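The structure displayed is predicted, hence computed values, not measured ones.
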Amino acid sequence: MAFGTLKADTLTHSTAGSLATNFVVEGSKKMWCNFQGNGTAAIRDSFNTSSILDNGTGDYRFTFTSAMNNVNYSTDCSHSALGTDYRFIVLLKGSSSALSNYTTSQFEVLANQVQNGANAADFPYVGVGINGDLA
């Protein structure tokens, strides 16, 4: 049995009234954002990201265009810096007992420069993403 290639510009759900935010593949990235974190924080390109808020040095909030189904989604973060031998970490922002800034409509990250005593730092290139189920 031979299979052909399916090509389409638009895929819609077969059930009337379904949300346009449904995805064909469960593993599809549900949100991503590439942004400038130093100077004036600005989105370079994104998907399902309605806004970014710069809360201060190395502290950013991302708001989704379409909400997640629950807070059990997975996040990933990446970054780059100018210069040599820099070690950075970007992690979810929250308290030691709960990620209070991690909701179905937004999440926050903190960016730290490990070489500098793990102090907050603004990076020129930062990327974040979400995998999970949309509401």
Side-chain angles (χ1 to χ4, degrees):
M1 176 184 291
F3 294 97
T5 301
L6 172 65
K7 295 182 180 183
D9 294 328
T10 305
L11 294 175
T12 59
H13 199 279
S14 61
T15 305
S18 294
L19 297 175
T21 56
N22 288 337
F23 288 85
V24 175
V25 179
E26 284 296 320
S28 298
K29 187 74 69 181
K30 300 309 189 296
M31 174 270 186
W32 60 265
C33 182
N34 175 321
F35 74 99
Q36 173 183 314
N38 63 345
T40 301
I43 295 173
R44 288 189 181 90
D45 199 0
S46 69
F47 172 73
N48 195 24
T49 307
S50 66
S51 66
I52 177 176
L53 176 64
D54 187 345
N55 292 320
T57 304
D59 187 345
Y60 310 100
R61 176 185 301 156
F62 302 89
T63 303
F64 309 137
T65 304
S66 297
M68 300 301 290
N69 188 46
N70 56 51
V71 296
N72 298 323
Y73 52 85
S74 172
T75 60
D76 54 69
C77 303
S78 64
H79 53 276
S80 68
L82 301 175
T84 60
D85 193 32
Y86 285 99
R87 293 177 292 265
F88 297 99
I89 185 169
V90 180
L91 59 150
L92 288 173
K93 179 181 175 182
S95 67
S96 59
S97 61
L99 290 171
S100 57
N101 299 316
Y102 194 70
T103 71
T104 58
S105 61
Q106 67 184 26
F107 73 102
E108 294 187 24
V109 297
L110 295 173
N112 293 296
Q113 182 180 2
V114 176
Q115 282 179 292
N116 191 20
N119 291 320
D122 287 336
F123 303 141
Y125 296 94
V126 183
V128 296
I130 296 291
N131 286 308
D133 296 324
L134 289 170

What is the minimum heavy-atom distance between [X] and [Y], and which atoms define it?
X: N70; Y: N72; value: OD1-N, 2.8 Å
X: D122; Y: G56; value: OD1-O, 4.1 Å
X: S46; Y: C33; value: CB-CA, 4.0 Å
X: Y60; Y: A121; value: OH-O, 4.4 Å

Run the side chain to side chain contact (heavy atoms under 4.5 Å, CB included) check on N34 and I43 step by step: do they pass?
-> CA-CA 6 Å; N34 175 321; I43 295 173; over 6 Å; no
Please answer whether the main-chain N or O of T65 pairs with a side-chain N or O of N48 as donor and acceptor at a distance below 3.5 Å.
->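 Side chain of N48 to backbone of T65, a donor-acceptor pair under 3.5 Å: yes, one is there.
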Main-chain N/O of L134 paired with Y73 side-chain donor or acceptor, under 3.5 Å |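 No, because the side chain of Y73 does not come within donor-acceptor range (under 3.5 Å) of the backbone of L134.
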Just how far is it from atom CZ of F47 to atom NZ of K30, taken to the nearest 0.5 Å?
->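 Reported to 0.5 Å precision, the distance equals 8.5 Å.
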OG1/T103 to CE/M68 distance, rounded to the nearest 0.5 angstrom?
->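 So the OG1 of T103 and the CE of M68 are separated by 11.0 Å.
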Determine which pairs satisfy salt bridge (charged side-chain N to carboxylate O under 4.0 Å, His left out) with at least one residue from residues 38-59, sequence neighbours left out, and list them in order.
->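 Matches after skipping sequence neighbours: D59-K93.
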Does anything in residues 60-74 pair up under salt bridge (charged side-chain N to carboxylate O under 4.0 Å, His left out), and if so which pairs, sequence neighbours excluded?
->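 Salt bridge (charged side-chain N to carboxylate O under 4.0 Å, His left out) check on residues 60-74 returns R61-E108.
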With hydrophobic residues grouped by side-chain heavy-atom distances under 4.5 Å, do V71 and M31 end up in a single group?
->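 Yes.
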List for me each residue that meets ring-ring contact (aromatic ring centres under 6.0 Å, His included) alongside F62, sequence neighbours excluded, and say none if there are none.
->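 Once residues adjacent in sequence are excluded, the partners of F62 under the ring-ring contact (aromatic ring centres under 6.0 Å, His included) criterion are F35, F107.
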For S50, side chain to side chain donor-acceptor pair (under 3.5 Å) partners two or more places apart =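 Result, side chain to side chain donor-acceptor pair (under 3.5 Å) vs S50: none returned.
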Taking side-chain contact (heavy atoms from CB on, under 4.5 Å) as the test, write out the residues that go with D76, two or more places apart.
->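 Result, side-chain contact (heavy atoms from CB on, under 4.5 Å) vs D76: K29, N131.
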